[in-house]
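Only one structure is covered here, and it is reproduced in the block below.
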Amino acid sequence: MATWSAPGKVFLFGEHAVVYGKPGIAMAIKPRVIVTVRESRYHQKPNSPYIAECFRLMDVKGSVYVRSQLPSSSGLGSSAAVTVATLCAINDEFELKKTKTEIADLAHQVEMSAQNGRASATDTYVSTFGGMVLVRGSEKRRLLPPQNFSLVIGNTLVSHSTSEMVGKVAELRKNSPDIAEPILDSIAAITMHAMHNLDNQKEFGNLMNMNHALLDALGVGHPMLSKLVLAARSAGAYGAKTTGAGGGGSMYAICSKSSRNRVAGAIEGCDARAITTTIDTDGARKE
Ligand code: PMV
């Protein structure tokens, strides 16, 4: 029997722009998914298409048990975390000796086949290695110096479809490139400024607010996201923005330790779920 866990993530900056080869910053967060795999002759058919694909790809049979601290379909990378933890547990239980880099690549393949070819490698990479990651396009990823931010995530409880939102931006880009391109370029510039202001939370917060406004301009906003972002800022956050695809899902705020309870309370006061968390630097680990 082998038990492994893997963390969820937030997109700090640059979502949507990364689809067009521009930079983005993502960060692993503390809540994780814990998966136990046991070798068995009788293969228990998993309910999750991600887990089923992990067993198929690794060509083994076994039973699996999953516990999750992450809400699903909320833009916090729960499917990537399930996939990475399952692959690691299979790798350990069946002594397949795959490296973490191989696990990250396999996890991306699993997400691609479970999501009909629409998955960036960001979630699976961040979940495997933990920490803060600068992504550029689909190929380049590099770890940034980890920051001990106080994060409050607000889950709108409004379900969203990443591929629908990506499609919406693609349509704007096709119909009005003169509007869409400068917005995507500005998001890229904001991401680069953020990368150079990792230790300046006030400036980081200002840049978050700008990025949020540009996501709204791209048409991937939602009234609940706007409500939570404004509530978090009024409660004293340095900055607040949508994280991930938008159209529902989650936002996050960065705050001082002294204001985080107030920010979480303001989010809960809008009938949303608040998660107070910080960076995870472990990535996938054996439990
Ligand atoms: O909502 P999430 O966490 O799946 O993030 C989507 C981020 C996008 O940039 C919109 C798409 C992508 O694959 O990077």
Side-chain angles (χ1 to χ4, degrees), residues 6-29 31-33 50 68 70-84 104 107-128 132-141 151 153-173 180 183-188 190-191 194 208 211-212 214-222 224-225 228-229 241-252 275 277 280:
K9 69 100 204 16
V10 286
F11 247 105
L12 295 177
F13 286 94
E15 51 274 89
H16 287 291
V18 295
V19 174
Y20 302 100
K22 301 190 192 303
I25 304 174
M27 186 179 98
I29 51 172
R32 19 185 79 227
V33 175
Y50 297 92
S68 181
L70 281 166
S72 59
S73 311
S74 55
L76 300 178
S78 72
S79 66
V82 164
T83 304
V84 169
H108 182 224
Q109 278 181 47
V110 169
E111 286 227 304
M112 287 289 266
S113 68
Q115 294 172 193
N116 301 321
R118 273 197 148 154
S120 84
T122 311
D123 289 22
T124 41
Y125 184 90
V126 172
S127 189
T128 306
M132 247 168 102
V133 179
L134 178 76
V135 289
R136 198 188 273 272
S138 56
E139 294 306 321
K140 293 199 195 96
R141 284 174 288 277
L151 235 65
I153 293 166
N155 177 0
T156 62
L157 306 175
V158 176
S159 68
H160 69 160
S161 153
T162 298
S163 63
E164 204 181 292
M165 292 299 125
V166 170
K168 215 170 163 185
V169 176
E171 207 173 289
L172 178 71
R173 198 166 162 264
I183 298 177
L184 293 167
D185 284 340
S186 293
I187 292 177
I190 288 170
T191 302
M208 285 168 65
N211 194 158
H212 178 79
L214 293 172
L215 287 169
D216 263 351
L218 284 177
V220 297
H222 186 279
M224 263 306 267
L225 286 169
L228 299 189
V229 160
K241 73 175 266 295
T242 294
T243 181
S250 301
M251 51 68 71
Y252 81 97
I275 303 173
T277 189
D280 167 85

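Note that ligands are numbered from 1 as they come in the structure, with each ligand's atoms numbered from 1 the same way.
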Side-chain H-bond candidate by donor/acceptor type, Thr124 with Glu111, under 3.5 Å | no
Heavy atoms only: give me the nearest His16-Val169 pair and the separation to one decimal.
-> ND1-CG2, 3.6 Å
Could you list all the salt bridge (charged side-chain N to carboxylate O under 4.0 Å, His left out) pairs where at least one residue sits in residues 156-169, not counting sequence neighbours?
-> none
Minimal heavy-atom distance between Val10 and Ile153, with the atoms involved, is CG1-CD1, 3.8 Å
Thr242 versus Val229, closest heavy-atom pair with distance | N-CG2, 4.3 Å
What are the polar N/O contacts of ligand 1 with the protein below 3.5 Å, with distances?
unit_1: ligand 1; atom_1: 1 (O); unit_2: Ala245; atom_2: N; d: 2.9
unit_1: ligand 1; atom_1: 3 (O); unit_2: Lys9; atom_2: NZ; d: 2.7
unit_1: ligand 1; atom_1: 3 (O); unit_2: Gly75; atom_2: O; d: 3.4
unit_1: ligand 1; atom_1: 4 (O); unit_2: Thr162; atom_2: OG1; d: 3.4
unit_1: ligand 1; atom_1: 9 (O); unit_2: His16; atom_2: N; d: 2.9
unit_1: ligand 1; atom_1: 13 (O); unit_2: Ser120; atom_2: OG; d: 3.3
unit_1: ligand 1; atom_1: 14 (O); unit_2: Ser120; atom_2: OG; d: 3.4

Looking only at non-hydrogen atoms, find the nearest pair between Tyr50 and Val110 and report the distance.
-> O-CG1, 3.5 Å
